[in-house]
Number of protein chains: 2
Amino acid sequence: MPVNESITSSGPTTLVHAMQILQVTARGGHRGASVDDYLNELSFSRPTLYRLLKGLKQQGFLRSSPIRGRYLLGYELLVLGAQAGNGAGLRDLARPRLLTLAQRWGDSFYLFARDGVNAVCLEVQNGAYPVGSFVRATGGRLPLGVGQASIALLAYLGADERSEILNHNAEQLMDEYAIAIDGIEAEIAHQLKHGYARGVEGSLLPEYSGLAIPILDHSGHPLGAMSCSMLKSRMTKSHKLEVLQGMQEEVAAMVNQAHGLLYLD
Amino acid sequence: MPVNESITSSGPTTLVHAMQILQVTARGGHRGASVDDYLNELSFSRPTLYRLLKGLKQQGFLRSSPIRGRYLLGYELLVLGAQAGNGAGLRDLARPRLLTLAQRWGDSFYLFARDGVNAVCLEVQNGAYPVGSFVRATGGRLPLGVGQASIALLAYLGADERSEILNHNAEQLMDEYAIAIDGIEAEIAHQLKHGYARGVEGSLLPEYSGLAIPILDHSGHPLGAMSCSMLKSRMTKSHKLEVLQGMQEEVAAMVNQAHGLLYLD
DNA sequence: TGGCTTTGTCTCATTTAGTGAGATGAACTC
DNA sequence: GAGTTCATCTCACTAAATGAGACAAAGCCA
């Protein structure tokens, strides 16, 4: 089965091929990918494959597995990935704060940013209590509309942009998450009125609940969102208010710090 | 000033150029890089630059900054980076354990793996106490020889491989860290005798101290190392023993889990 | 509003530089 | 030591990336 070509479509073919190699490797998880995996899934010759593998290895984007003939993602990606997740320096600022929150309340806290029509998870900090979430780890992506953080992000985009995104995601939201646009718009209204988001109930993860608040820059555009997730049974009125206040305090402090940092060019 | 060409030397030039673009972008931190940055630091024409930028953007490896004409690392790198750091599935296993340790003892705990002649930090979990460390975050790299985790990793490599690495790093270790090979070998001996590493005293970070233990696979090869760092004043004999035991328990549990996971093909 | 700067795109000729086929060498397995 | 798979090499070929410079578009500042 050839790799999905709709995503990795245009551009210099060498580049596309290289990225396809990385994708195939990533799909292999911690076992990586074998020469055959590449040859089966991709559509270029073996010498070319080896040339690219060699190049990617030299750049640190791949490394060879202890198992001969298998390849793993290289640590250079780790460095770049850590950088990539630090958009606006947000991640560094958020990390210790998420930890504080998780330790204090025992729930799990997240930092999200917008990535096109998706929300991408920049950082997770799990607490002591068990938790179910759509994202498993840093780097996880969700279509905007799923989860409370999505709502917090969507609410502060322009109306046109928002409807464009929702329109784009509508089918997927309904099919995969059983979430209707109406529900999302209702929650956006709730976010705008009360300053926090709760997420739309879908068919998945019915026993979990969460909260999210946006992280806005000085002009009101969303830089990201902080969210938390917990068992519904833990979401008592008082706990909700406590956690919400905790999150708001941390985000306010973050934004202050950010302003100190962002504007010294 | 052109980008360091010794690292990014050979391979298909398109690939090299693309990676150079990513490196330049990464160097810009959360401010990314501008068209001029690329044109100054790299040696290809503007149309080519734009073609590559476009390609990289389509692949999700770059995104354009809110500031026009600047580019940031894309979130695809985040996904790949998260994967890359999960060598042997170790990171997923270690993450909650590092958190437990950090919460329990208040010190900072790390997961390291070997990356050629370097040690790369796969995960950090800071505790409540302030801490100084050579690595600031996930993705940080140190020449093998620096820090306690390095010792733990080096100790379980073959003698020939070890001396090759030390030979390679010797100059840098002395110049940048004021660490002598003799000292490293002494600490390796200590690791092998007592099962844990303490790190070699260099001129940097004199007020901090640490411990590390290796994470070995079934055949005794090092998969990684777990380490901790703390103010010297906190390193009492009893605290040291407690932390060490805590780390050993967590690593033992990890290795058990790993064996359960790694061998079901 | 209008001129100015910088970003981004286009065209086209040039030729580099990546490509495929198949053979060969190296490493590990049984 | 035979067999298998991984990795490299050579060489001719031409597809495909490149550079120069012109052109279009988008902010910016007065």
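A:T13 has a side-chain polar atom (N or O) that falls below the 4.0 Å cut-off from OP1 or OP2 of D:dA17. OP1 or OP2 of C:dG20 has not a single side-chain nitrogen or oxygen of A:Y50 nearer than 4.0 Å.
Among the nucleotides C:dG8, C:dG18, C:dA27, the one closest to any side-chain atom of B:V35 is C:dG8. Which of D:dC6, C:dG18, D:dG21 sits closest to the side chain of B:P47 comes down to D:dG21. When each of C:dG20, D:dG19, C:dG18 is scored by its nearest atom to the side-chain atoms of A:R51, the top-ranked nucleotide is C:dG20. The nucleotide whose nearest atom lies closest to any side-chain atom of A:R46 is, among C:dG18, D:dT8, C:dT7, D:dT8.
Where B:S34 and A:H17 meet DNA chain C, the nucleotide closest to each residue was compared, and B:S34 sits on the side nearer the 5' end. Toward the 5' end of DNA chain D, the nearer of the two residues A:R70 and B:S45, judged by each one's closest nucleotide, is A:R70.
At the heavy-atom level, A:Y38 lies nowhere under 4.0 Å from the strands shown. Here A:T48 lies in heavy-atom contact (under 4.0 Å) with sugar-phosphate atoms only.
Regarding A:Y71, its OH atom lies at a distance of 9 Å from the P atom of D:dC6, rounded to whole Å. Put simply, CG on B:L53 is 15 Å from P on C:dC10, counting in whole angstrom units. For the pair A:K54 NZ and D:dC9 C1', the interatomic distance rounds to 10 Å; values are reported in whole Å. If you measure from atom NZ of B:K57 to atom P of C:dT7, you get 13 Å, rounded to the nearest angstrom. When rounded to the nearest whole Å, the span between CG of B:N40 and P of C:dT7 equals 11 Å. Between A:L42 atom CG and C:dG20 atom P there is a gap of 12 Å when expressed in whole angstrom units. For the pair B:R68 CZ and D:dG27 P, the computed distance is 5 Å after rounding to whole Å. Between the P atom of C:dG18 and the CG atom of A:L52 lies a distance of 9 Å, rounded to the nearest Å.
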Side chain to side chain donor-acceptor pair (under 3.5 Å) between A:T25 and A:Y38: does it pass, once the steps are laid out? CA-CA 8 Å; A:T25 312; A:Y38 298 120; 2.7 Å; yes

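Ion pairing between a basic and an acidic side chain is recognised when a charged N comes within 4.0 Å of a carboxylate O; B:R162 and B:E185 show no such pairing. The pair A:R63-A:E76 does not count as a salt bridge, with every side-chain nitrogen at least 4.0 angstrom from each carboxylate oxygen. The residues A:E250 and A:R95 are annotated as not salt-bridged, no charged nitrogen and carboxylate oxygen being separated by less than 4.0 angstrom.
Rounded to the nearest 0.5 angstrom, A:F44 CZ and A:R51 CZ are separated by 11.0 Å.
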